[in-house]
Every structure is written in C-alpha cells, then in structure tokens.
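Some notes on the structure that comes next.
Chain A is the first sequence line, chain B the second, and so forth, proteins listed ahead of strands; every chain is numbered from 1.
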Amino acid sequence: MAAKKKTEPRTWLFKSEPDVFSIDDLQKAPKQTTSWEGVRNYQARNLLRDDVKVGDRVLFYHSRTEPIGVAGVAEVVREAYADPFQFEAGHKYEDPKSKPEAPTWVTVDIRFVERFDEVVPLATLKATKGLEQMMVTQRGSRLSIQPVRPAEAKIVLKLGRG
DNA sequence: GCCAACGTTGGC
DNA sequence: GCCAACGTTGGC
C-alpha cells in the first residue's frame, strides 16, 4: 500500500517591526506562541489563507530597525482562522466591510523555534551568492508574508547559525 | 525623519 | 475601468 503523500514543509519570511513585536517578544510569549494578526494586504492574506500550513518554517524578519534582517526562526502551529481584530470596533485593525459570516482577513499562529545569536542583516542577504532572487532582497519588496525557496532557506539558516 | 515604491480608494 | 490622489511600508 502506498504511503499517503505528505506535502513538504515550506519556508516563509514574516516581517515585523521589533518595536511592535520582536523575536524576543515571541520567545517570552505564553507558550512561546503568538497570533500573526493584522495582515491587511490581499496578497499576503492569500498566502496565509491558502498556502501557510502547520509545520511550515518561518524566518522571523525585523524591519524598520537597526539591524534590519532575519532574527530567528519560528514554526506554524495553527493554520488560517479569522483575525478577530477585524471585528473589533475602534481597533487599529478593524475592517467595517468585513462580515463575521465571511471574514476578509485571517491570521495564523506561530511558535518560537530559535533566535540567532546575531541578526543576519539584509545587506548580508543581498551580498550572499544564491540569494539574488530572494524576494526580500529585491528593491521595493513590501510584501509582509513572503515565500522562501528551499535553497534560500538553507543558506539563510546557515548564515544565522554561524 | 525622509521619501521612493507600492497598494488602495474614489471620482468620473 | 481608468488613473490621480492618498495612505502605508520600509530601507536608508
């Protein structure tokens, strides 16, 4: 009997401003787990909703800070569900057009895996052979949830682990 | 803090 | 459905 074919875990890059939520915040969070609420971009939403699966790896990226770069690793522990903040009146993430019977925005839960001793800076990613095509190294790349190719993930992990 | 790049909104 | 105006992101 053929074994049930399992999809290989994928790797994603999630951007966060550490002033808002950092890899340290994730490590200190209850159960070292957080909901990734607040995604309000359709392309990122589609990835979260359709492609991000339990067991996938997440490169935790710090933006708008010093140093900018990949700060550590997390893993997906819960797949897409309605982001509760879209229905919270007056909340920053409220979306009055979204209805509970057909939520527009979703979130996933991620759990801390590792914190790199040193952030792998964006400048290093840009200068590293094999990462020329990586989305985050492209000019004007604003997507907050990005797919990472397996070969790219391998290189970034090697850099992060020294 | 600046501002280029990008995404969304809304008048027509 | 076009596209100018506006708002946001995020590197620098």
Side-chain angles (χ1 to χ4, degrees), chain A residues 10-29 34-52 56-76 80-110 112-149 151-153 155-162:
Chain A
R10 299 181 66 178
T11 300
W12 306 93
L13 182 145
F14 283 19
K15 287 184 191 170
S16 184
E17 296 186 28
D19 288 351
V20 179
F21 194 84
S22 70
I23 188 84
D24 295 323
D25 293 327
L26 180 60
Q27 190 169 13
K28 284 181 282 188
T34 190
S35 167
W36 205 256
E37 72 268 353
V39 171
R40 294 293 180 272
N41 167 283
Y42 286 101
Q43 201 180 340
R45 188 281 311 268
N46 291 347
L47 291 171
L48 280 186
R49 186 191 58 193
D50 304 333
D51 297 321
V52 175
D56 283 358
R57 181 163 53 203
V58 172
L59 301 179
F60 198 108
Y61 181 90
H62 285 176
S63 66
R64 276 185 75 96
T65 185
E66 184 56 44
I68 292 165
V70 180
V73 179
E75 70 174 317
V76 178
Y81 59 100
D83 181 343
F85 293 102
Q86 67 196 307
F87 306 124
E88 199 167 304
H91 194 276
K92 177 186 175 193
Y93 294 139
E94 187 199 6
D95 181 353
K97 287 180 291 186
S98 181
K99 299 285 172 273
E101 59 273 20
T104 306
W105 306 109
V106 300
T107 183
V108 301
D109 289 355
I110 65 169
F112 177 84
V113 173
E114 67 179 295
R115 181 188 184 282
F116 296 154
D117 289 338
E118 291 181 27
V119 169
V120 179
L122 177 61
T124 300
L125 299 179
K126 286 182 171 175
T128 299
K129 201 163 180 292
L131 301 183
E132 297 88 352
Q133 304 297 316
M134 192 176 179
M135 191 178 282
V136 79
T137 65
Q138 310 304 306
R139 177 179 165 82
S141 168
R142 282 174 40 174
L143 195 60
S144 63
I145 306 287
Q146 303 185 354
V148 179
R149 297 174 186 86
E152 294 165 347
I155 293 169
V156 174
L157 289 175
K158 195 174 173 190
L159 290 169
R161 289 163 180 168

Among residues 97-110 of chain A, which ones have heavy-atom contacts with DNA chain C below 4.0 Å? none

Within residues 122-137 of chain A, which residues have any heavy atom lying less than 4.0 Å from an atom of DNA chain C? A:Leu122, A:Lys126

side-chain hydrogen bond (donor to acceptor under 3.5 Å, both in side chains) against A:Glu114, all qualifying residues, sequence neighbours excluded: A:Arg161

Of all residues at least two apart in sequence or in a different chain, which pass the side-chain hydrogen bond (donor to acceptor under 3.5 Å, both in side chains) check with A:Thr11? A:Arg57

Given side chains that start at C-beta, do those of A:Leu159 and A:Phe116 come closer than 4.5 Å, heavy atoms only? no

Who pairs with [X] by ring-ring contact (aromatic ring centres under 6.0 Å, His included), at least two apart in sequence or on another chain?
{"X": "A:Phe14", "result": "A:Trp36"}
{"X": "A:Tyr93", "result": "A:His91"}
{"X": "A:Trp105", "result": "A:Tyr42"}

Please list every donor-acceptor pair under 3.5 Å in which a side-chain atom of residues 18-26 of chain A meets a protein atom from a residue at least two apart or in another chain.
unit_1  : atom_1 : unit_2   : atom_2 : d
A:Ser22 : OG     : A:Asp24  : N      : 3.2
A:Ser22 : OG     : A:Asp25  : N      : 3.1
A:Ser22 : OG     : A:Asp25  : OD2    : 3.3
A:Asp24 : OD1    : A:Arg115 : NE     : 2.6
A:Asp25 : OD2    : A:Ser22  : N      : 2.9

For residues 124-135 of chain A, dump all side-chain donor-acceptor pairs below 3.5 Å to protein atoms at least two apart in sequence or in another chain.
unit_1   : atom_1 : unit_2   : atom_2 : d
A:Thr128 : OG1    : A:Thr124 : O      : 2.6
A:Glu132 : OE1    : A:Gly130 : N      : 2.9
A:Glu132 : OE2    : A:Gly130 : N      : 3.3

Sequence neighbours excluded, which residues qualify as salt bridge (charged side-chain N to carboxylate O under 4.0 Å, His left out) partners of A:Glu37? none

What N/O pairs connect the protein and nucleotides 5-9 of chain C at under 3.5 Å? Give each pair on its own line.
unit_1 : atom_1 : unit_2   : atom_2 : d
C:dT8  : O2     : A:Arg142 : NH1    : 3.2
C:dT8  : O2     : A:Arg142 : NH2    : 3.3

Sequence-distant partners of A:Leu47, side chain to side chain contact (heavy atoms under 4.5 Å, CB included), two or more places apart: A:Trp12, A:Asp51, A:Leu143, A:Ile145, A:Pro147

